[in-house]
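Worksheet: one structure, shown below.
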There are 2 protein chains.
Amino acid sequence: MTRDDIVAAALRVIDTDGLDALTMRRLGAELGVAAMSLYRHLSNRDAVLAAVVNHLAAEAVTDLEPGDSWSEALTRFGTVYRRMLLAHPRAVPLLATHPMDIDAGLRLMGGVLDRFAAAGLSQAEALTAVQSVAVFVLGHALAQVGTPPGTPAAPPETPEVAEYYERWFDAGLTAMVSGFAARHRR
Amino acid sequence: MTRDDIVAAALRVIDTDGLDALTMRRLGAELGVAAMSLYRHLSNRDAVLAAVVNHLAAEAVTDLEPGDSWSEALTRFGTVYRRMLLAHPRAVPLLATHPMDIDAGLRLMGGVLDRFAAAGLSQAEALTAVQSVAVFVLGHALAQVGTPPGTPAAPPETPEVAEYYERWFDAGLTAMVSGFAARHRR
DNA sequence: ACCTGAACACCGTTCAAGT
DNA sequence: ACCTGAACACCGTTCAAGT
């Protein structure tokens, strides 16, 4: 049983039964092991959650194409990040409260930051724009699927509802990206 | 002991000792009463949290001046909402996972929505813009002060750090508002 | 080295009982 | 009507003990 096995099992439990179904006893059972064995690999429950967060950050980055301009890269970043969040709705509250490692965050945003640098923008300007999009995406996902911990699984969305959120997301993301574009066009 | 007393005591506990210090036993002690007495007034712990959320929404709206244009109203809305969140940092994760009542939300956003209507914009356009700002503000506050539940109180920010977040917030909010302004200027 | 059972100090919540 | 103590079924985590 490796650390990665534990993280994978934890994510499985979260996806199927939600965040507070993830008890140490349940996680142990999922791996055919006593709960206490987990403490050999991860120091406590919080460390398990942190590992899941970083795993998800890595998952988001896999299909991120850089794009031509920084504004296109920024839009794609938001879209890919959102896709990951919607693929793991029960994990969204976890991402909201559990900051990701700095290096996991940089791996996630790295490609986009490069596009800003290539356009001659400072790293501070780049970080501001990318992180602004990131918090918008997360906040939006929370509004869409972030159910309070302890509540049963949300009923699946109707297509109409899903489309409502999709349009709202596109409008907000476009507004933010074009706002930054106007700022840097000067 | 009224329902409002309970909500006030709950917020007091959250502000001083964080979200998971808020146990039913602790809340009872805060009010000089047995934990079980609380169930006479609120059906369970989740109902206490929901009541706190709506209380905070009402708190944010108190000092919200409408502003001249809808874009100014939108900026003020974001600023006031942010001020409330920063006044209750340990409650931010709660706002993130616990959707507010529809009517509490409308009371919070109502004044701003009116400004959009006065400018001849549809309610759908208005909601998209206001809610986009709202999720940005919440997401940003999460990044700034949203510490995982169960962690000790974050050390107070240095002025430098606070200013970093302030500048980031201003840039993101401005980008979003001006992006919506450009969209509706057509 | 890796795993475990029993135990401790907590939770939220129910229920029968008190005034 | 309003409050309560004891109890139940859980938690995360520690620790001494097993292989």
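All chains are named by letter (A, B, ...) in the order of the sequence lines, taking the proteins before the strands, and each is independently numbered beginning at 1. Remember, predicted model here, so these are calculated numbers, not experimental data.
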To the nearest 0.5 Å, what is the distance between [atom1] on [X] and [atom2] on [Y]?
X	Y	atom1	atom2	result
Leu49(B)	Leu11(B)	CG	CG	11.5 Å
Thr158(A)	Tyr164(A)	OG1	OH	12.5 Å
Leu108(A)	Leu56(A)	CG	CG	11.0 Å

#### Entry: Residue matched to dT14(C) through Watson-Crick or wobble contacts both under 3.5 angstrom
dA6(D)

## Note on the structure
Pairing partner of dT19(D), by Watson-Crick or G-U wobble and under 3.5 Å for both distances, is dA1(C)

#### Entry: Any donor-acceptor N/O pair, Thr79(B) side chain to Thr75(B) backbone, under 3.5 Å
yes

### Query
Should Arg183(B) and Glu125(B) count as an ion pair when the cut-off is N to O under 4.0 Å?
yes

### Task
Spell out protein contact along nucleotides 7-19 of chain C as letters: B when the base is contacted, S when just the sugar-phosphate is, - when no protein heavy atom is under 4.0 Å; keep the 5' to 3' order.
B---BBBB-----

### Query
Which class fits the ring pair His140(B) and Trp168(B): parallel under 30°, tilted 30 to 60°, perpendicular over 60°?
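Ring orientation of His140(B) relative to Trp168(B): perpendicular.
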
### Query
Do the side-chain N or O atoms of Ser37(B) get closer than 4.0 angstrom to the phosphate oxygens (OP1, OP2) of dC2(D)?
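It does not, given that no N or O in the side chain of Ser37(B) lies less than 4.0 Å from OP1 or OP2 of dC2(D).
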
### Query
So does His41(A) get a side-chain nitrogen or oxygen closer than 4.0 Å to the phosphate oxygens (OP1/OP2) of dC2(C)?
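For His41(A), the contact criterion (side-chain N or O under 4.0 Å from OP1 or OP2 of dC2(C)) is not met.
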
### Query
In whole Å, what is the span from the CG atom of Leu38(A) to the C1' atom of dT4(C)?
12 Å

